[in-house]
Amino acid sequence: MTGSMQPYLSKLRHYAGGGLPLVSGDYGSTESWIGVNIDPFLPPEKVTFAVIPTFSYFEFIPLHRMNNNYQECSSKSCSGGDDFIEEDPVPLSRVKIGQEYEIVLTTFTGLYRYRLGDVVEVAGFYRNTPKLNYICRRNLILTVNIDKNTERDLQLVVERGSQILKKSASRSEIVDFTSHADVANQPGHYVIYWEIEGEAVEEGVLRDCCREMDASFVDHGYVVSRKSNSIGPLELRIVERGTFKKILEYFISNGAALSQFKTPRCTTNPVLLRILNDCTVGKFYSTSYGS
């Protein structure tokens with residue numbers, strides 16, 4: 001219940017009731033198990049996972065976020081796909097508290113120095129093994145111009161918009177969401193898709209949600225691009241009920257395992273975009289930045 005699963009926590013708590021704890025027991029991937037939660041009674045938002053060194057041979061690539069004050073591409077490797085600067089991998093014994101890393105696996109089944117794509121932060125140690133806090137996936141980002149917003153950035157923005165929705169008279173909630181960077185027309189812009197359950201929501205409320213999300217992106221490149229109109233107003237599209245079930249059915253019909261499925265938070269898949277656009281029942285544009 002970390003990462004892309006966090007948006008479902010409020011609904012899980014609703015159905016579980018106040019007395020039933022929600023437990024995130026372990027952290028793993030298709031390629032290898034990674035760690036276990038040694039304090040299962042912590043709320044999911046505060047969970048860390050202690051790495052089990054015998055699951056695989058673990059290495060960690062130190063990551064530094066690029067910003068205006070940190071431009072060291074001449075001495076460190078810069079990834080063109082996201083906003084991280086990389087250093088050379090370090091073994092399990094040399095990770096540091098507070099540092100973000102990408103996990104690299106060498107497994108007993110034959111994977112050699114496989115880059116998992118997960119960004120984690122070392123939150124502490126249990127004896128001599130690090131405890132990891134999952135941050136986000138690499139390369140799952142929204143970008144149009146010089147902007148780079150990660151899966152986590154998107155989740156925070158959607159949460160801000162959903163608060164307005166919850167406080168409205170309809171008290172509706174978001175069932176699921178995804179996004180797309182639309183560069184088919186200039187200037188390009190972000191499109192966020194919501195599926196909503198509950199009573200009908202007034203259009204004014206949805207416009208407020210859209211404006212709040214647009215204003216909540218704090219990435220410097222996004223803010224500068226919006227102010228200069230290099231990125232157009234954010235677009236909120238409301239899809240009909242059952243849209244994300246259709247997406248699930250599409251993935252399963254193409255061989256995905258139900259237990260492994262996660263709603264993609266940012267997509268360029270033309271089939272998914274066709275499903276989303278065909279099921280769109282409302283469009284709203286942000287008026288932030290004087291748009």
Before giving the answer on side chain to side chain contact (heavy atoms under 4.5 Å, CB included), spell out for Ile196 and Glu173 the whole-Å C-alpha distance, their side-chain angles and the decisive distance to 0.1 Å.
-> CA-CA 6 Å; Ile196 298 174; Glu173 292 186 348; over 6 Å; no

Just verifying a value: how many Å separate [X] [atom1] and [Y] [atom2], rounded to the nearest 0.5 Å?
X: Ile275; Y: Cys279; atom1: CD1; atom2: SG; answer: 7.5 Å
X: Ile231; Y: Thr143; atom1: CD1; atom2: OG1; answer: 7.0 Å
X: Glu151; Y: Leu142; atom1: CD; atom2: CG; answer: 10.5 Å
X: Lys46; Y: Asp39; atom1: NZ; atom2: CG; answer: 11.0 Å
X: Thr129; Y: Phe58; atom1: OG1; atom2: CZ; answer: 8.5 Å
X: Phe284; Y: Ile192; atom1: CZ; atom2: CD1; answer: 14.0 Å

Listed partners of Phe217 passing ring pair (Phe, Tyr, Trp, His ring centres under 6.0 Å), at least two apart = Tyr190, Tyr222

When you compare the side chain of [Y] with that of [X], does any pair of heavy atoms fall below 4.5 Å?
X: Arg226; Y: Pro233; answer: yes
X: Arg152; Y: Tyr134; answer: no
X: Glu121; Y: Tyr101; answer: no
X: Val51; Y: Tyr126; answer: no

Group every Ile, Leu, Val, Met, Phe, Trp and Tyr by side-chain heavy-atom contacts under 4.5 Å, then state whether [X] and [Y] land in the same group.
X: Tyr289; Y: Ile146; result: no
X: Val223; Y: Leu156; result: no
X: Val224; Y: Val183; result: no
X: Val90; Y: Leu92; result: yes
X: Val144; Y: Val218; result: no

Do Asp214 and Arg211 pass the salt bridge (Lys or Arg N to Asp or Glu O under 4.0 Å) test, and can you show the C-alpha distance, the side-chain angles, and the key distance before you say yes or no?
-> CA-CA 5 Å; Asp214 196 12; Arg211 183 174 61 250; over 6 Å; no

Is it the case that more than 12 heavy atoms not belonging to Asn254 sit under 6.0 Å from its CG atom?
-> yes

Check whether the side chains of [X] and [Y] place a donor and an acceptor atom closer than 3.5 Å, and report yes or no.
X: Ser230; Y: Ser225; value: no
X: Thr48; Y: Asn133; value: no
X: Gln155; Y: Glu159; value: no
X: Glu86; Y: His64; value: no
X: Asp176; Y: Thr263; value: yes

With sequence neighbours left out, write down each residue that passes salt bridge (Lys or Arg N to Asp or Glu O under 4.0 Å) with Glu203, or none if nothing qualifies.
-> Arg207

Could you pull out all residues at least two apart from Arg160 that satisfy salt bridge (Lys or Arg N to Asp or Glu O under 4.0 Å)?
-> Glu212

Closest non-hydrogen atom pair, [X] against [Y]:
X: Ser162; Y: Ile174; value: CB-CD1, 3.5 Å
X: Cys209; Y: Gly161; value: SG-O, 3.4 Å
X: Thr280; Y: Val239; value: OG1-CG1, 4.0 Å
X: Ser24; Y: Phe49; value: O-CE2, 3.9 Å
X: Leu165; Y: Ser172; value: CG-O, 3.6 Å
X: Trp194; Y: Val158; value: NE1-CG1, 3.9 Å

Could you note down all residue pairs passing side-chain hydrogen bond (donor to acceptor under 3.5 Å, both in side chains) where residues 267-276 supplies at least one of them, sequence neighbours left out?
-> none

Kindly indicate whether a cation-pi arrangement holds for Arg265 with Phe177, taking the cut-offs as under 6.0 Å to the six-membered ring centre and within 45° of the axis.
-> yes

State whether Lys148 and Asp219 are salt-bridged, where the test is any N-O pair (Lys NZ or Arg NE/NH1/NH2 against Asp/Glu carboxylate O) under 4.0 Å.
-> no

Under a 4.0 Å N-O cut-off, is there an ion pair linking Glu59 with Arg113?
-> yes

Can you sort out the partners of [X] under side chain to side chain contact (heavy atoms under 4.5 Å, CB included), two or more places apart, ordered by chain and number?
X: Ser168; answer: Ser170, Val205
X: Val36; answer: Asp26, Ile38, Ile52
X: Val119; answer: Leu63, Phe84, Glu100, Ile135, Cys136, Arg138
X: Glu31; answer: Ser29, Leu105, Leu111, Tyr114, Leu116

Let me see the working for Met213 and Leu236 under side chain to side chain contact (heavy atoms under 4.5 Å, CB included), right down to the final yes or no.
-> CA-CA 9 Å; Met213 287 193 292; Leu236 172 62; 3.9 Å; yes

Return each pair, listed once, that meets salt bridge (charged side-chain N to carboxylate O under 4.0 Å, His left out) where at least one residue sits in residues 125-136; pairs must be two or more places apart or across chains.
-> none

Going by the salt bridge (charged side-chain N to carboxylate O under 4.0 Å, His left out) test, which pairs reach into residues 180-196, not counting sequence neighbours?
-> Glu195-Arg241

Contacts of type side chain to side chain donor-acceptor pair (under 3.5 Å), residue Glu197, not counting sequence neighbours | Lys11

Take the angle between the ring planes of Tyr285 and His189 and call it parallel below 30°, perpendicular above 60°, tilted in between.
-> tilted

Show every donor-acceptor pair shorter than 3.5 Å between a side-chain atom in residues 242-252 and any protein atom, with sequence neighbours excluded, or say none if there are none.
{"unit_1": "Thr243", "atom_1": "OG1", "unit_2": "Glu240", "atom_2": "O", "d": "2.6"}
{"unit_1": "Lys246", "atom_1": "NZ", "unit_2": "Glu240", "atom_2": "OE2", "d": "3.4"}

Between [X] (side chain only) and [Y] (backbone N and O only), is there a donor and an acceptor less than 3.5 Å apart?
X: Ser286; Y: Ser288; result: yes
X: Arg237; Y: Leu276; result: no
X: Ser32; Y: Ser56; result: no

Leu154 vs Asn149, side chain to side chain contact (heavy atoms under 4.5 Å, CB included): CA-CA, chis, key distance, verdict | CA-CA 7 Å; Leu154 177 65; Asn149 283 293; over 6 Å; no

Using the side chain to side chain contact (heavy atoms under 4.5 Å, CB included) rule, take Phe125 and Val95 through it: C-alpha gap first, then chi angles, then the decisive distance, then the call.
-> CA-CA 10 Å; Phe125 288 88; Val95 298; 4.1 Å; yes

